[in-house]
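Order of the sequence lines fixes the chain letters, A, B, ..., with proteins taken first and strands second; residue numbering starts at 1 for each chain. Only this structure's heavy atoms are used, side chains among them; waters, hydrogens and symmetry mates stay out. None of the values given here were measured: they were computed from a predicted structure.
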Amino acid sequence: MAVFGAFFVFLLVRLILPGSSPSGHDTAFVRVVDAVSKLSIPFLLSVFPLYAALRGVKVYEEFVEGAKEGFDVSVKIIPYLVTILVAIGMFRAAGGINMISDALGSTMNAVGFPSDLLPMVLMRPLSGSGTLGMFTELVERCGPDSLVTRMGGTIYGSTETTFYVLAVYFGSVGIKKTRYAVLAGLTADLVGVVASVIICRIVFG
Amino acid sequence: MLNYIWLGLVVVAVVIGGYTDHLKEVAEESFKMAESAVMKTALPLVGIMAMWLGVMRLAERAGLVALLARMMRPVMVWLFPEVPADHPAMGAMLLNMAASVLGLNNAATPLGLRAMKHLETLNPRPGVATNAMCTYLAINTSSIQLIPATAIAVLAAHKSTNPTAIVGTSIMATGCAAIAAVAAAKFLEKLPMYRLKPVPERGPGRSASNSADAPGDLGPQDQVSVAASPTALQ
């Protein structure tokens, strides 16, 4: 076990050392996190079974036992996903997001919120792929190093597709009455967006 | 709330679609999304789910999950007061959050669903979300991650001179979102409209607010006698 741990420490150091990354100007922090996330899946997939085996667990049998649940859970979320995704798809196809963006645009500009970001922000809780498409379009329109693009990237990194997460997580255990979960999730998204705009203005403005 | 949002999305879509002459696209998209929910999201999840649940089972059996949960105990007990400190749900939620922080998205979802399953075992009201579930979901939607890998990839693909410039701002913004998520969840759970009704068949609920609402502390035997009388059954 100790030898195995040392092996991963060696791999980690090799990845973190400067010169190993293809683009030269990454900061040390980015290199460390990048190395950790690259190694963590091989680490989990090997260290967990090894440790379990040393503790006397029958690894093959127990793995199969755990894996059995995979199908049930995935099938269980289907009705929840279909329900929420159909409504979101219809709204998106109708052009609802652009319509709200156009209506709100000038007001948002007046309070210091770039209206270019509005379609992406409105799409964010509804659809992950839709948001990615809008972010890509924003980068092409405003340039890869502009303030608005950096705000968009920060928003993309600090918010989540709330309705999708809700459907999958609650659907997997059959929760229909979601109480205040939507409101709390959307609050987190809204704060993430506002914080992104303010922080980017301070840091890059 | 979700009832109104859902209805709003569908009705507004048809109204706007009719107004802008996009009804055909709206109809087509509804079928396309229904199909992709199954073919592109749920079914691909089967294999990944099975793999991570297998790994997770080994970690649980070896006591690794419990070990992790013990290290983070004070934070977790504060975040999820309804969940017993030694419950397997704590370890599962921690593993899911760790995977999210590292940006391991295909590991995070199966681990998160495993945590939901553990939380559901503590739920006295099937179909209704518990406080712990809502807090947990809010934390998840605040997207706690160190490196926004997808956004960086898009910037790099468009020849940005410094694609990782957004790392620092993202960490700060996602921190604000996570704090807001917890604060919102802790605040909303105390509002009268979201308070959980006591569970009749099991007596007073688990949390302090529930037992305060319950009509006196009935022991198991008292309940049997109440239930046996025809007037109580109505």
Checking [X] against chain B: side chain, backbone, both or neither under 4.5 Å from a heavy atom?
X	answer
A/Thr162	both
A/Val73	side chain
A/Thr161	neither
A/Met90	both
A/Leu190	neither

Most chain B-contacting option - heavy-atom pairs closer than 4.5 Å, from [options]:
options	answer
A/Val191, A/Ile175, A/Val86	A/Ile175
A/Pro49, A/Ala87, A/Gly185, A/Ala53	A/Ala87
A/Gly174, A/Ala52, A/Gly89, A/Gly96	A/Gly89

Taking all non-hydrogen atoms of both residues into account, name the closest pair between [X] and [Y] and its distance.
X	Y	value
A/Thr178	B/Cys134	O-SG, 3.8 Å
A/Glu160	B/Asn140	CG-O, 3.6 Å
A/Gly70	B/Leu53	N-CD1, 3.7 Å
B/Asn96	A/Tyr169	ND2-OH, 3.3 Å
B/Thr20	A/Ala94	OG1-O, 3.8 Å

Is it the side chain or the backbone of [X] that comes within 4.5 Å of chain A heavy atoms, both, or neither?
X	result
B/Leu188	both
B/Met116	both
B/Ser36	neither
B/Ile179	neither
B/Phe187	neither
B/Ala153	neither

State whether the number of non-hydrogen atoms from other residues, nucleotides or ligands found under 6.0 Å of B/Lys32 atom NZ is greater than 12.
->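 12 or below, so no.
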
Do NZ/NE/NH1/NH2 and the carboxylate oxygens of B/Glu29 and A/Arg92 come within less than 4.0 Å?
-> yes

Side-chain ion pair, A/Glu69 and B/Arg114, N-O less than 4.0 Å | yes

Can you check whether [X] reaches [Y] side chain to side chain, under 4.5 Å on heavy atoms?
X	Y	result
A/Thr136	B/His158	yes
A/Ile77	B/Leu45	yes
B/Arg57	A/Phe63	no

Given side-chain contact (heavy atoms from CB on, under 4.5 Å), test B/Tyr19 with A/Met99 step by step and report yes or no.
-> CA-CA 11 Å; B/Tyr19 181 71; A/Met99 201 164 241; 4.0 Å; yes

What parts of residues 192-203 of chain A touch chain B if we use heavy atoms and a cut-off under 4.5 Å?
-> A/Gly192, A/Ala195, A/Ser196, A/Ile199, A/Cys200, A/Val203

Distance-only, no hydrogens or angles: does the B/Arg61 side chain make a donor-acceptor pair with backbone N or O of A/Val57 under 3.5 Å?
->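 No, because the side chain of B/Arg61 does not come within donor-acceptor range (under 3.5 Å) of the backbone of A/Val57.
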
When B/Ala34, B/Pro148, B/Gly103 are compared by non-hydrogen pairs under 4.5 Å with chain A, the top option =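 The option with the most such pairs is B/Ala34.
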
Between chain A and each of B/Ala13, B/Pro110, B/Gly54, B/Ala157, count heavy-atom pairs under 4.5 Å; write down the option with the most.
-> B/Gly54

Compute whether any side-chain donor of one residue and acceptor of the other, for B/Thr174 and A/Ser158, lie under 3.5 angstrom apart.
-> no

For B/Val154 and A/Tyr156, what are the C-alpha separation, side-chain angles and deciding distance, and is it a side-chain contact (heavy atoms from CB on, under 4.5 Å)?
-> CA-CA 11 Å; B/Val154 171; A/Tyr156 192 87; over 6 Å; no

Begin from the C-alpha positions of B/Glu189 and A/Arg179 and carry the test salt bridge (Lys or Arg N to Asp or Glu O under 4.0 Å) through to its verdict.
-> CA-CA 9 Å; B/Glu189 72 179 35; A/Arg179 293 172 71 219; over 6 Å; no

For B/Met51 and A/Leu45, what are the C-alpha separation, side-chain angles and deciding distance, and is it a side-chain contact (heavy atoms from CB on, under 4.5 Å)?
-> CA-CA 10 Å; B/Met51 180 181 113; A/Leu45 287 180; 4.0 Å; yes

